[in-house]
Peer 1: 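My questions all concern the structure below.
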Amino acid sequence: MGKVAMAIDSKLRRRFAPQRLSVEDDSQSHHGHAGWREGGVTHFNVEIVSAAFEGQGRVARQRLVYAELSEEFAAGLHALALVTLTPDEDAARR
């Protein structure tokens with residue numbers, strides 16, 4: 001896991017105490033697209049399951065995640081593909 005992925009993982013674990021968290025660098029899939037740069041670490045897929053999302057809509061959950069990663073965005077992170085679920089939603093999905 002690269003430095004940016006580790007920072008994302010660490011911050012989300014600390015803030016949301018997730019039951020499950022997956023952070024995947026998907027930068028190479030975006031080669032030539034907006035925000036991409038040589039060396040990657042610009043686009044990530046994040047799936048997070050946390051009770052902290054209870055009572056929150058999809059947009060509110062995403063705003064919480066984006067706020068937690070504001071430093072990474074300021075440093076060049078361009079995009080996150082987010083899946084934010086409560087434990088009950090995750091269980092129903094499986």
Peer 1: How does the hydrophobic cluster around Val49 look, that is, which other residues are in it when side-chain heavy atoms under 4.5 Å mark a link?
Peer 2: Val83, Leu85
Peer 1: Considering residues at least two apart in sequence or located in another chain, which fulfil the side chain to side chain donor-acceptor pair (under 3.5 Å) criterion with Gln62?
Peer 2: none
Peer 1: Mind running side chain to side chain contact (heavy atoms under 4.5 Å, CB included) on Leu69 and Ile8 for me, showing each step along the way?
Peer 2: CA-CA 7 Å; Leu69 300 177; Ile8 292 170; 4.0 Å; yes
Peer 1: In a table with atom names and distances, give each donor-acceptor pair under 3.5 Å that connects a side chain of residues 50-59 to protein atoms at least two apart or in another chain.
Peer 2:
| unit_1 | atom_1 | unit_2 | atom_2 | d |
| --- | --- | --- | --- | --- |
| Ser50 | OG | Phe16 | O | 2.6 |
| Ser50 | OG | Ala52 | N | 3.0 |

Peer 1: Could you give me the CA-CA distance, side-chain angles and deciding distance for Arg15 and Leu64, then say whether side chain to side chain contact (heavy atoms under 4.5 Å, CB included) is met?
Peer 2: CA-CA 10 Å; Arg15 168 64 174 84; Leu64 290 171; 3.8 Å; yes
Peer 1: Tell me every residue that passes salt bridge (charged side-chain N to carboxylate O under 4.0 Å, His left out) with Arg13, counting only those two or more places apart in sequence or in another chain.
Peer 2: Asp9
Peer 1: How long is the span from the CD1 atom in Ile48 to the CG atom in Leu21, to the nearest 0.5 Å?
Peer 2: 5.0 Å
Peer 1: Nearest 0.5 Å, what's the CG-CG distance between Asp26 and Asn45?
Peer 2: 4.5 Å
Peer 1: Pairs in or reaching into residues 75-94: which pass salt bridge (Lys or Arg N to Asp or Glu O under 4.0 Å), with residues at least two apart or in two chains?
Peer 2: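 Every pair satisfying salt bridge (Lys or Arg N to Asp or Glu O under 4.0 Å) with a residue in residues 75-94: Arg20-Asp90, Glu47-Arg93, Arg61-Glu89, Asp90-Arg94.
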Peer 1: Once salt bridge (charged side-chain N to carboxylate O under 4.0 Å, His left out) is applied, do any residues pair with Glu24, and if so which ones, sequence neighbours excluded?
Peer 2: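 By the salt bridge (charged side-chain N to carboxylate O under 4.0 Å, His left out) rule, Glu24 matches no residue at all.
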Peer 1: Would you list the pairs meeting side chain to side chain donor-acceptor pair (under 3.5 Å) in which at least one residue belongs to residues 64-73, sequence neighbours left out?
Peer 2: Lys11-Glu71, Lys11-Glu72
Peer 1: Residues in salt bridge (charged side-chain N to carboxylate O under 4.0 Å, His left out) with Arg14, at least two apart?
Peer 2: none
